[in-house]
Novice: 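Please read through the structure below; I'll follow up with questions.
Just so you know, these numbers use all the heavy atoms, side chains as well, and skip hydrogens, waters and symmetry mates.
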Amino acid sequence: MQAGDPVVGVAGAQSRSEDEESLGVKDVKRTATQAFGSGVPKRRSSSRSIKRKKFDDELVESSLVKSSSRVKGPPVIEPIRFSGSEPSSSEKKKVTKSGTSLSLPLTMVVNPAPITKRVKKSKQPLHITKDLGRWKPTDDLLLINAVLQTTDLTSVHLGVKFSCRFTLREIKERWYSLLYDPVISKLAWQAMRQLHPEAIAAIQSKALFSQAEEALLAKVGSTSQPKLDVFQELLSKQPAVFHQSRTPKSLLVHWQLLKQYYLLDDQSVQPLPKGDQVLNFSDAEQMVDDVKLKESRDEVLEHELMISDRHQKREIRQLEQELPRWQVLVDSITGMSMPDFDNQTLAALRGRMVRYLMRSREITLGRATKDKPIDVDLSLEGPAWKISRKQGIIKLKNNGDFFIANEGRRPIYIDGRPVLSGNKWKLNNNSVVEIAGLRFVFLINLELISLIKAEAAKMAPQ
């Protein structure tokens, strides 16, 4: 047994060393998986047969996971050796015996390969946007130009028209922010640089006039009538004083404004009278020159009135040209324009079917019956069951005028005007008489009536 003891000890030592090696390899695998697992996040995969398309970032992550899973063998592990310590001969023997198996000390560092994610770069630069409130880039440019011209925020508040109404306090706060706040000033500067050149030129043309500019304009006499050449010469002589956007036309407009408010050098505002010489409203009204108050001609209004007058005259001319056509139409409907009257016929009542001749100074209209005859039987023209037996009377007076009197229950319409029962109406030539739906045209023998009027005139003096 003593001779076999060394053999048993060697075998036990060998088995113990193999257990330690297997434990060491398991520890290395556990640490490697922890290191790599912390670097690559786990993704949940769907068990469905149809999967959705992956985005770019998911493709990158999946490719990295596949590359890490394809690596075979243990990870690269570098043992940390303390200075002065070397591996013993027993450790070297263990390494040679184990072959591919590695036996390492307990203290070791795992250095996994760094994982880099590709970031998709945007083609366009990222613009910083921030809500600047009510102030727009045009307002900032107006504010800067006005302050450079007047150096007075109160004048800017009174003279500049911004995109919305700002108080004097808001204007001051904005100006101080543009001066001393780096963030706001940078954002405002970037926004103003993006303005269109035409918009910038329009804003600069609205710049306020400085005191030096108004002083030069005030030297132009109020009695003179300056033209654009005068202001062009003034601009060429004083280019440093005037703003770069000034034009001769803008200078002329501002000079007229100064003249209107008596701000020129040769103008003086008359003081108000004191004491008993104070003018009342009526005296001041008498002193006002009416010529100056005369309104200027409105060319646009005159042009519109002329066009409307031309249209009205054209319509009148067209109506005058259409009158013969209507006359032909009326003649075709009535049968003839002027019927042939004999010397005994005073007038005629013509309908669609028959024509009634008036040969006495008074005739009766109505519906004839067996026991009551009538001069003009309207039943011959059409259905007359609504017409009274004695509907009306047509009578010629001595002065040559014809009158119709309504004696029936229903009204008689003369040229569309109703004549009620018991009333009468004058009949003219070509008057339309409508009785219970039957229409007639009353035609007068003008020649015979003119003779009757002439005889009546001769008999009158006698």
Side-chain angles (χ1 to χ4, degrees), residues 138-139 141-163 165-168 171-172 175 198-305:
T138 54
D139 297 332
L141 191 56
L142 279 171
L143 177 60
I144 293 172
N145 288 334
V147 172
L148 291 178
Q149 286 292 109
T150 59
T151 65
D152 184 12
L153 292 176
T154 305
S155 302
V156 173
H157 175 250
L158 297 175
V160 179
K161 186 177 181 180
F162 295 99
S163 62
R165 188 176 182 85
F166 294 108
T167 61
L168 180 59
I171 293 175
K172 289 181 179 180
W175 176 248
E198 294 182 358
I200 295 175
I203 292 171
Q204 289 180 352
S205 64
K206 298 177 184 178
L208 297 178
F209 280 79
S210 61
Q211 295 181 357
E213 291 176 340
E214 290 184 347
L216 290 176
L217 291 176
K219 293 180 181 179
V220 181
S222 61
T223 56
S224 62
Q225 297 295 332
K227 297 182 179 180
L228 295 178
D229 299 336
V230 178
F231 297 102
Q232 181 63 42
E233 183 180 358
L234 192 62
L235 278 175
S236 59
K237 287 183 179 180
Q238 303 290 340
V241 178
F242 290 99
H243 194 267
Q244 59 181 358
S245 64
R246 301 296 184 218
T247 59
K249 183 68 178 294
S250 63
L251 295 182
L252 175 60
V253 172
H254 195 72
W255 177 83
Q256 292 175 351
L257 191 63
L258 294 176
K259 180 181 177 182
Q260 181 181 356
Y261 290 100
Y262 294 91
L263 297 176
L264 300 179
D265 292 343
D266 58 348
Q267 288 180 327
S268 60
V269 181
Q270 297 180 357
L272 294 175
K274 298 180 180 180
D276 298 335
Q277 297 180 355
V278 177
L279 297 177
N280 54 17
F281 181 78
S282 59
D283 296 337
E285 188 178 7
Q286 291 178 0
M287 294 176 62
V288 173
D289 191 0
D290 295 336
V291 179
K292 295 182 180 180
L293 296 178
K294 187 176 180 180
E295 295 182 358
S296 60
R297 295 177 58 187
D298 192 350
E299 296 181 358
V300 178
L301 180 60
E302 291 180 356
H303 182 66
E304 291 181 356
L305 292 175

Novice: Which heavy atom of Trp255 sits nearest to which heavy atom of Pro226, and what is that distance?
Specialist: CH2-CD, 3.5 Å
Novice: To the nearest 0.5 Å, what is the distance between CZ on Phe231 and CZ on Phe242?
Specialist: 9.0 Å
Novice: Drop me the distance from Asp266's CG to Ser222's OG, to the nearest 0.5 angstrom.
Specialist: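 So the gap between those two atoms works out to 3.5 Å.
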Novice: Taking only residues two or more places apart in sequence, or in another chain, which ones meet Leu208 in a side chain to side chain contact (heavy atoms under 4.5 Å, CB included)?
Specialist: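 Side chain to side chain contact (heavy atoms under 4.5 Å, CB included) check on Leu208 returns Ala146, Thr150, Val160.
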Novice: List the steps and the verdict of side chain to side chain contact (heavy atoms under 4.5 Å, CB included) for Leu257 and Tyr261.
Specialist: CA-CA 7 Å; Leu257 191 63; Tyr261 290 100; 3.6 Å; yes
Novice: Side-chain polar contacts of residues 234-241 - donor-acceptor pairs under 3.5 angstrom, sequence neighbours left out - could you list them?
Specialist:
residue: Ser236; atom: OG; partner: Gln232; partner atom: O; Å: 3.3
residue: Ser236; atom: OG; partner: Glu233; partner atom: O; Å: 2.7
residue: Lys237; atom: NZ; partner: Glu233; partner atom: OE2; Å: 3.0

Novice: Does Ala207 offer a backbone N or O that forms a donor-acceptor pair with the side chain of Asn145 under 3.5 Å?
Specialist: no
Novice: Which value, rounded to the nearest 0.5 Å, describes the distance between Asp139 atom CG and Ile144 atom CD1?
Specialist: 11.0 Å
Novice: Do side-chain atoms of Asp265 reach the backbone of Val220 as a donor and acceptor pair under 3.5 angstrom?
Specialist: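 Side chain of Asp265 to backbone of Val220, a donor-acceptor pair under 3.5 Å: no, none is there.
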Novice: Step by step, would you call Trp175 with Val156 a side chain to side chain contact (heavy atoms under 4.5 Å, CB included)?
Specialist: CA-CA 11 Å; Trp175 176 248; Val156 173; over 6 Å; no
Novice: Do Gln267 and Leu263 touch side chain to side chain, with heavy atoms closer than 4.5 Å?
Specialist: no
Novice: Looking at every non-hydrogen atom in both residues, tell me the closest pair between Ile171 and Phe166 and how far apart they are.
Specialist: CG1-CB, 3.9 Å
Novice: Return the CG to NZ distance between Leu141 and Lys206, rounded to the nearest 0.5 Å.
Specialist: 11.0 Å
Novice: Are side-chain heavy atoms of His243 and Phe209 found at a separation under 4.5 Å?
Specialist: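 Heavy-atom side-chain distance check fails, nothing below 4.5 Å.
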Novice: For atom CD of Glu302, is the number of surrounding heavy atoms from other residues, nucleotides or ligands below 6.0 Å larger than 12?
Specialist: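 Yes, CD of Glu302 has more than 12 neighbouring heavy atoms, counting only those of other groups under 6.0 Å.
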Novice: How many angstroms lie between atom NE2 of His157 and atom CG of Asp152, to the nearest 0.5 angstrom?
Specialist: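 Those atoms lie 12.0 Å apart.
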Novice: Indicate whether the side chain of Glu213 and that of His254 have a donor and an acceptor atom separated by less than 3.5 Å.
Specialist: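 Side-chain D/A pair, Glu213 to His254: absent.
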Novice: What distance do Leu143 atom CG and Phe162 atom CZ have between them, rounded to the nearest 0.5 Å?
Specialist: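 That separation rounds to 5.0 Å.
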Novice: With a sphere of 6.0 Å drawn around CD of Gln256, does it hold more than 12 non-hydrogen atoms of other residues, nucleotides or ligands?
Specialist: yes
